[in-house]
Protein chains: 2
Amino acid sequence: MSDVAAYPVIAPARIPLQAPPAAARSPAIARASQKDGQRCTACSMRSICMPQGLTPREMQRIESFICPSRTIRQGETIYRANDSFQSIYAVRAGSFKTVVMHRDGREQVTGFHLAGDSLGLDGVCFGHHSCDAIAIEDSNVCIIPFHLLEAMCREVKAVQQHLHRIMGGEIVRESSQMMLLGTMSAEQRVATFLLNLSDRLRMRGYSPAEFHLRMTREEIGSYLGIKLETVSRMLSKFQRDGLVDIHGKDIRILDHERLVSV
Amino acid sequence: MSDVAAYPVIAPARIPLQAPPAAARSPAIARASQKDGQRCTACSMRSICMPQGLTPREMQRIESFICPSRTIRQGETIYRANDSFQSIYAVRAGSFKTVVMHRDGREQVTGFHLAGDSLGLDGVCFGHHSCDAIAIEDSNVCIIPFHLLEAMCREVKAVQQHLHRIMGGEIVRESSQMMLLGTMSAEQRVATFLLNLSDRLRMRGYSPAEFHLRMTREEIGSYLGIKLETVSRMLSKFQRDGLVDIHGKDIRILDHERLVSV
DNA sequence: CGAAACCTTGACTGAGGTCAAAACGTGTGG
DNA sequence: CCACACGTTTTGACCTCAGTCAAGGTTTCG
């Protein structure tokens, strides 16, 4: 618990009333279960997924309609493309990938979603989802019925603005990914991926220099628009050049500066 | 006016009170000025940019805060990256590209926006825009102050849902563009681009088979993540294969089926 | 402990990038 | 109305980065 000394340990919240399922033995879930918290108020992800400055009453109102959280085992989906859209999801623990698929079988990872991220907004437009959301480790999500969230948005400005910021953030994130896919070399893509992940872990209180990849080389490659062999070659190259230290899925960033300037 | 017989001519709306500026001589603006309409009620883009089933009162309310439309000449911007975000824009006539830029000068077209499309939502998340919106022909936009739109969303469910659909649509559009950039061959990208443009023109009442490109090969290439020479080569190839008939920027789609199956 | 999934590395290939030159269009000013 | 200049497009020749295929090593999980 103190091996990440410099970074606060993520505290958990909204543990389901039932005894934790078998899956809770996995690290991510276990982490989320360390402390007992039933409410958003106590959730460490609050600062990411909830607006600031709500009154206790408003807070309670939100908690009242957030469904009991759900545990999703590695490889399982929260929703699939064409599933009817009812709710959005906030990742409480674990991580997910979203995958879009073309009829011809071509498929692409469009995002990795860590604790505190939202999932499911792709369904807002057409009332059905446009991608699969798949757990890449045993995970846990809050379920937020969208029509209730919309109702709340009509009453509380801060909630409305927060939802708009989340949706707007998704738009900006995707357009910077389009820039990566459209203009960067394989080397730059992999460097950008590592730096981006590092940033997001730092914002969540984890070490930005040392972390464990939850996804395979193939998933990274799909996300970056390159092949898994190319991902591997670039990582090896960074290793040779002393920018990173890599053992399988364990990453240590040695030279942040030079990684930025790749 | 009847040379597109099978497709209804797009009617205009919300012409500014002042005499039309010099720019109004250009085709897109002239088209928008053919009929005199001061209100959204009369705007042909209504079905695209306004929700269905508003009461006259609600309609009036919206019209009351939409600012006088603004004319933007080819090459001019509505907003630039880092400009403070105040309003979103609905394209009334003409077309735009949005361009994101990296510090190192790399830049990429992230979208083309036709009459009826919205612009500016990239600013919602951080309060400043993350791309430039540049007119690729003389154009005209409605200006919708975002905080007033948000206020209206709190009062009228239909307006709220419409905004959410527009934002959600942007998310879906971008993720399918990520799939294009991540997995398709140059040939498929260009075919997809033509088909997509054709679809959007059809939905706006124009011929889906015959149209005029407003953008250069370089802008198309940037949008598709390939070089302008490659765009040109693919178009020539489609021409040789009898899929399209191309003269400069005038496109005629001859074999929609085979274009789909590229 | 063994099977399956995942990762690394090498050799070869090819799609698309780069560079260059010429053709085409369009708007401007004489 | 023409001529010129500039931006745009096309096409060819060549090159390179990343994809493909293959083989062997490592990790993970039942």
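Sequence lines set the chain letters: A, B, ... in the order given, protein chains first and strands last, and positions in each chain run from 1.
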Can you tell me how far [atom2] of [N] sits from [atom1] of [X], to the nearest Å?
X: I246(A); N: dC6(C); atom1: CD1; atom2: C1'; answer: 15 Å
X: Q74(B); N: dG27(C); atom1: CD; atom2: C1'; answer: 12 Å
X: E219(A); N: dA5(C); atom1: CD; atom2: C1'; answer: 12 Å
X: R233(B); N: dC19(C); atom1: CZ; atom2: P; answer: 13 Å
X: K227(A); N: dC12(C); atom1: NZ; atom2: C1'; answer: 17 Å
X: M184(A); N: dG17(C); atom1: CE; atom2: C1'; answer: 18 Å
X: E137(B); N: dT26(C); atom1: CD; atom2: C1'; answer: 16 Å
X: Q188(B); N: dA15(C); atom1: CD; atom2: C1'; answer: 12 Å

[X] vs [Y] side-chain heavy atoms within contact, under 4.5 Å:
X: L181(B); Y: Q108(B); value: yes
X: F112(B); Y: N196(B); value: no
X: L259(A); Y: F238(A); value: yes
X: T71(A); Y: D138(A); value: no

* **Phosphate OP1/OP2 of dT9(C): any S236(A) side-chain N/O under 4.0 Å** => yes
* Asked: For K249(B), which contact category applies under a 4.0 Å heavy-atom criterion: base, sugar-phosphate, or nothing?
  -> sugar-phosphate
* Under the 3.5 Å rule, do the base of dT9(C) and the side chain of R217(A) count as making a donor-acceptor pair? -> no
* Strand DNA chain D in bracket notation, Watson-Crick/G-U under 3.5 Å with | for pairs to another chain -> ||||||||||||||||||||||||||||||
* To do: Could you say whether V231(B) or G248(A) is positioned toward the 5' end of DNA chain D, judged by the nucleotide with the nearest heavy atom to each?
  => V231(B)
* Asked: Relative to the 5' end of DNA chain D, which residue comes earlier, M215(B) or M234(A), by the nucleotide with the nearest heavy atom?
  -> M215(B)
* Close aromatic pair by centroid cut-off 6.0 Å: Y206(B) and F211(B) -> no
* Asked: Can you tell which of dT8(C), dT9(C), dG16(C) lies closest to the side chain of L228(A)?
  -> dT8(C)
* To do: Please check if any side-chain donor atom of R106(A) sits under 3.5 Å from a side-chain acceptor atom of T183(B), or the reverse.
  => yes
* To do: Check the side chains of T77(B) and D132(B) for a donor-acceptor pair under 3.5 angstrom, ignoring hydrogens and angles.
  => no
* Do the side chain of Y89(A) and the main chain of G120(A) share a donor and acceptor less than 3.5 angstrom apart? -> no
* Asked: Does any N or O in the side chain of Q188(B) come within less than 3.5 Å of the main-chain N or O of S185(B), such that one atom is a donor and the other an acceptor?
  -> yes
* **DNA chain D: 5'-most and 3'-most nucleotides touching chain A, 4.0 angstrom heavy-atom criterion** => dA18(D) to dC21(D)
